[in-house]
Each structure stands twice: as structure tokens, then as C-alpha cells.
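Here, residue 1 is the first one in the sequence, and each next residue gets the next number. Counting convention: from 1, in listed order, for ligands and their atoms alike.
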Amino acid sequence: MAESNDSSSTAETQKSFGEPGLSTVLAREVARRRTFAIISHPDAGKTTLTEKLLLYGGAIHLAGAVKSKTKTKATTSDWMEIEKQRGISVTSSVLQFEYKGYCINLLDTPGHKDFSEDTYRTLTAADAAVMLIDAAKGVEAQTRKLFEVCRMRGIPIFTFVNKLDRPGRDPIELLDEIEKVLGIRSCPMTWPIGTGDRFKGVYDREKKEILFFQTEGQANVSGRLKPKKVGQLQELGSEFDEETLQSVELVELAGDPFDHERVLRGELTPVFFGSAMNNFGVEHFLERFIELAPPPVGRKTSDSHLAEKKLIEPTSTKFSAFFFKIQANMDPSHRDRVAFMRVCSGKFTRGMTVKHVRLGKDVKLAMPVNFFGQERTVIEEAWPGDIVGVLDTSGDLRIGDTLAQGGGFEFEGVPQFSPEHFASVTILDPMKRKQLQKGLDQLSEEGVIQVYRQRDLSDKDPVLGAVGALQFEVLKHRLLSEYSVNVNIEKLSYTCARWVEGENFDVDGCERREGNRCLVDRDANLVVLFKSDWALRWAEDNHKGFRFLKTPLARRRN
Ligand code: G4P
């Protein structure tokens with residue numbers, strides 16, 4: 001059911017002659033927005049691709065997301081030392097740029113080996129994803145995990161196969177792997193002609209033209225030579241070797257035809273080939289991407305208030321947004337907490353007062369900011385698809401919270417994701433127990449770690465869970481530098497956590513087997529920690545009528 005909280009007042013439209021009303025401007029701003037994230041495995045070339053994309057947009061904002069290889073970039077808080085030491089980017093951030101009249105929001109998802117739940121959560125704010133694959137390596141582990149999250153949301157996924165200038169795998173084999181491993185059909189939009197030192201360029205299947213490869217050194221930044229138009233494939237013989245010709249013909253005959261509706265439903269991924277480092281195929285990709293990727297679409301509300309879920313359309317003139325990321329202490333001299341929200345409908349204006357739905361109170365958004373490294377830019381206005389940082393001085397904001405003009409609904413929750421690493425935490429100075437508590441609470445709100453407590457809700461011996469093992473290091477460092485608590489963190493041998501769905505679960509029976517542990521999460525939901533896949537399967541087989549879930553929806557917390 002589409003929400004029609006469109007109070008686009010007649011007064012508004014009639015306000016003054018010659019000046020478009022809010023509805024008109026809103027529709028225009030929504031239509032030109034593209035909000036997406038790049039998903040990839042480390043080293044596939046995400047930083048390189050991001051840099052090239054920004055070149056085309058003449059990036060108006062550089063959110064400190066493009067990691068500095070030379071490590072010269074100033075860090076904005078103590079714990080970012082970890083990033084500096086390792087030359088990695090732990091935080092996610094947002095880059096906004098304009099390209100050919102479109103306003104593009106690129107949400108950065110950290111691509112290092114150990115990534116956090118925060119990376120997953122960022123995907124809940126994206127309307128599309130670009131899956132970047134190294135032509136020599138194919139679909140790698142982290143890409144698969146991030147892909148699953150996109151799949152869960154049903155967002156369109158565009159594929160860019162990178163590093164064609166290096167010897168890579170057979171493109172047919174790569175497409176086959178994408179389809180088999182990820183379970184999504186693919187439709188190559190371009191086709192590579194050779195790889196490595198025999199890489200000549202790509203054939204644009206739609207326009208039937210060849211984009212010739214030239215390395216960035218030889219070409220200017222736009223890096224694109226005038227394509228050569230071709231007619232019949234046979235005429236391409238001089239450009240194509242026999243093998244390429246055959247595979248193009250095979251794809252024409254046997255491949256899935258391009259179908260925009262299927263792309264938008266996340267059932268078909270358009271595939272492009274290129275070389276980010278050589279800036280080859282990137283602009284071509286960007287041009288097609290802005291045409292084919294969706295503008296912000298309606299977002300579902302939670303069903304906790306209503307029998308039927310509603311969709312809040314982005315063109316609704318009442319402002320609404322939800323928080324998907326919280327970052328505390330970005331600047332140690334301020335010791336502040338910034339909550340990032342994704343605008344879902346209406347126009348955001350600095351200083352506006354909106355309803356914080358969970359707390360049922362009005363909040364004034366006086367200092368909305370964009371964060372770019374050490375720089376903060378105050379935002380005057382934003383539109384659906386945009387990301388806005390809000391300084392949370394009261395500590396009231398939580399991930400999943402909804403802000404809405406007039407209130408009345410909450411957006412569907414941001415899920416918690418199943419951790420794969422577990423640890424115990426021991427405090428070295430028992431006098432600091434309270435600070436530890438506060439630190440764990442706040443850092444789990446940010447998604448750095450998850451905290452599981454005893455079933456009697458006591459704070460004794462909590463177990464920590466993390467999506468990436470590096471998060472424990474980040475936690476230890478931050479507990480010390482921000483909360484002055486020194487802790488020992490010891491890895492535990494659990495390998496997965498599952499939320500139990502169903503009433504009257506036999507907790508004791510479950511704990512008697514295979515070293516399983518039954519604890520509760522921050523919302524008092526029952527969570528079982530397992531030491532092996534085998535133990536999990538045993539529990540599934542022996543607790544009929546219960547479901548062991550990977551990603552429960554966050555429940556309402558008051
Ligand atoms: P990431 O953010 O996904 O981790 O990858 P990043 O862009 O840092 O790229 C990883 C490595 O792959 C870099 O090399 C980068 O230059 C290289 N690379 C990216 N795109 C291409 C491409 O199209 N072709 C080739 N041949 N290489 C590519 P590095 O040696 O780790 O770093 P650097 O010294 O080149 O900066």
C-alpha cells in the first residue's frame with residue numbers, strides 16, 4: 001500500500017507564480033539521485049574505481065573514504081591510528097558528486113579483510129550496489145557475504161569486472177561463477193576482447209561498437225577513445241580473435257537478454273568489463289549505471305504499529321529518515337557522537353523540527369553535518385537518497401530509529417548480522433566496571449561489536465561477537481582511549497550465532513550438547529552460540545518447530 005502522506009499543500013504549489021512548489025522540486029531531486037555502494041573483496045580495486053568515478057564527478061565531497069596509500073592523510077581520532085598503522089579504512093563514509101545532472105551518493109563500505117557489521121548496515125541505506133570483481137580471481141569470500149545482504153534487500157546489482165589489462169579468467173567462466181555461486185543471472189553489456197597484454201578493448205553489445213583500450217598514461221583523464229562502429233560481427237574479424245568472436249556469438253545466442261525490470265528486481269546483473277587503474281570502461285559504466293540504476297524508491301514501514309506494511313514514497317512531501325550508522329568520538333577533541341541518517345522522503349532543511357518516533361518527542365536538527373575527514377560541512381538541505389550526519393549530544397539516537405515529520409510510523413528495522421568471531425572480555429581494574437558497561441553499550445550501538453549477556457540479564461561475563469576479528473582490536477583500543485578502561489580480550493571457539501524463533505525453547509537441553517551456549521542479545525532475544533556447523537545442524541534437527549535465524553530484525557527497544 002502506498003502511503004499518501006502527501007500534504008503537498010495547494011498553498012505550497014500556489015505560493016508564488018514562476019517558483020515551482022515543493023512537490024515539483026522534490027520529484028525532480030528524487031529522479032536525479034542515485035545512492036549506491038560498491039561491494040568487493042579487498043584488492044579488487046574499489047579504491048581505484050572510486051577515485052576514477054570521482055574524477056568524472058569532480059567530487060564535491062571527499063569523505064576521507066578513499067584511503068591514502070601514502071598514509072599522509074590526517075586521522076580524525078585516536079582509534080583511527082589502527083587504520084593508519086594498517087593502511088586500511090575502518091570507517092564507512094559517504095561521497096557525493098554530480099555527474100551529467102545526476103546527484104550521486106556513493107556509500108563507502110570498508111573493504112579490508114576484517115570488516116564490521118557497520119559495513120553490512122551501510123548497505124541498508126543503498127538503493128543499488130556495484131559488485132566489483134577481479135577478473136583473475138572471480139567471486140571472492142567478502143563479495144559473497146556483501147552480496148547476500150544486497151540480495152536480502154532485493155536491490156539491483158551492477159557488476160564491473162576489473163583488471164582486464166592483466167591476464168584473467170575466461171569471461172564465460174566468470175559469468176558462470178557469478179550465476180552459480182551467487183545465484184543471480186547475468187547479462188554482459190560489454191564483452192572483453194582479449195586479456196592481459198592482448199587486451200584490445202571491449203565490445204559494446206548494445207551500441208555495437210568497440211571501445212579501444214588505451215592505458216591512462218597514453219590517454220587523458222577521460223581516457224576514452226572514439227569508439228569504432230561495427231556492423232555485423234563477422235566484420236569484426238580483424239579486431240576479434242576467433243575465440244572472442246565465438247564467445248560473443250555464444251552470449252548473443254544463449255545469454256539472458258537485457259531486461260531492465262529484472263535488473264530492478266535484483267534478478268539480473270548487467271556486467272561490464274574494464275580496468276579501473278587504466279580508467280578504461282569506467283565512464284562508459286557510469287553512464288549506463290545512472291540510466292539503469294533506480295532513483296530512491298518507497299521504503300517499507302515496520303509492522304509493529306499496523307497490520308499492513310506501508311511504503312513511504314520518497315516524493316511524499318513530509319520529511320522522513322532512518323539512522324543506519326552511529327560513529328562516536330570522530331573527533332577526540334569534541335568527544336562527540338554522530339548518527340548518520342538516510343533521507344527517505346520529503347525535504348530536509350537545517351533547523352527543522354521533526355518527531356523522533358521511538359521516543360515520541362520532537363527534535364530540532366540544528367547542526368546537520370557531512371563528515372569529510374577532519375572537515376565538517378554544515379548541510380542546509382538534503383533530499384531523499386542523501387545521507388546526513390546529526391550530532392547526537394544527548395546520546396538518544398540509535399541505529400534503526402526513525403525521524404518523521406508528524407510521526408505516525410517507523411521504518412522497518414535495520415537487521416543485526418550474524419557474527420563469526422567471539423571473545424570474552426575481562427576488566428583489569430574492577431573499579432572501572434561502570435565505564436566498561438557504558439563503553440560496551442555505546443560501541444555495540446555503533447555496531448563495532450555485539451554484546452551477549454547471561455539469560456538473567458546480569459552483566460557478568462558478557463560474550464562479544466563481531467563480524468570481523470579486527471573489531472576486537474578496535475574495541476580494546478577504543479575502550480582504553482575513550483573510556484579509560486583497560487581490558488583483556490580472549491578469543492572464544494564459537495563459530496556462529498543464531499537467533500532462536502519460537503516459544504519455550506529447551507535452553508538447558510541445547511546447552512548440554514556440543515558446548516553450545518545460550519545467551520541473550522541487547523533486546524533480550526535468545527541467541528545460541530555454536531562451536532561448529534555440525535553443532536548447529538544437530539540443534540536444527542533436534543529442536544523441531546524452532547527456526548535458527550542468521551539475521552533477526554532489530555526489535556523495538558524502549
Ligand atoms: P581495494 O580498495 O579494493 O582494496 O583495491 P585498490 O583500489 O587499493 O587496488 C588494489 C590493487 O589493485 C592496487 O595495486 C591497484 O593499483 C590495483 N588495481 C586496481 N585496478 C586495477 C586495474 O584495473 N588493473 C591492474 N593491473 N591493477 C589494478 P597495489 O599494488 O596494491 O597498489 P598501488 O601501489 O598500485 O597503489
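- For E490, the CD atom counts as loosely surrounded, since its 6.0 Å shell holds 12 or fewer non-hydrogen atoms of other residues, nucleotides or ligands.
- Neither side chain, N162 nor D134, offers a donor N or O lying under 3.5 Å from an acceptor on the other.
- Residue M277 places at least one N or O, backbone or side chain, under 3.5 Å from an N or O of ligand 1.
- For W191 and F273, the gap between ring centers is short of 6.0 Å.
- Heavy atoms of D43 found under 4.0 angstrom from ligand 1 belong to the backbone as well as the side chain.
- Taking the six-membered ring where the residue is Trp, F280 and F199 present perpendicular rings, their angle passing 60° and hence far from 30°.
- Side-chain rings of F36 and F289 approach one another, their centers coming within less than 6.0 Å.
- Which parts of ligand 1 touch K46 is read off a 4.0 Å heavy-atom cut-off, strictly below it: atoms 1 (P), 2 (O), 3 (O), 5 (O), 7 (O).
- Residue contacts with ligand 1: G274 is placed with no nitrogen or oxygen under 3.5 Å of a nitrogen or oxygen of the ligand (distance criterion only).
- Remark: side-chain polar atoms of R32 are paired, donor with acceptor, to backbone N or O of G101 under 3.5 angstrom.
- Considering backbone and side-chain N/O of S40, none are found under 3.5 Å from N/O of ligand 1.
- Annotation for ligand 1: atoms under 4.0 Å from non-hydrogen atoms of G45 are 1 (P), 3 (O), 5 (O), 6 (P), 7 (O), 9 (O), 19 (C).
- With a heavy-atom cut-off of 4.0 Å, L132 does not touch ligand 1 at all.
- Using cut-offs of 30° and 60° for the angle between ring planes, the F422 and Y494 rings count as perpendicular.
- When each atom of ligand 1 is checked for a heavy atom of R166 under 4.0 Å away, the hits are 26 (N), 27 (N).
- For ligand 1, the atoms closer than 4.0 angstrom to any heavy atom of S275 are 22 (C), 23 (O), 24 (N).
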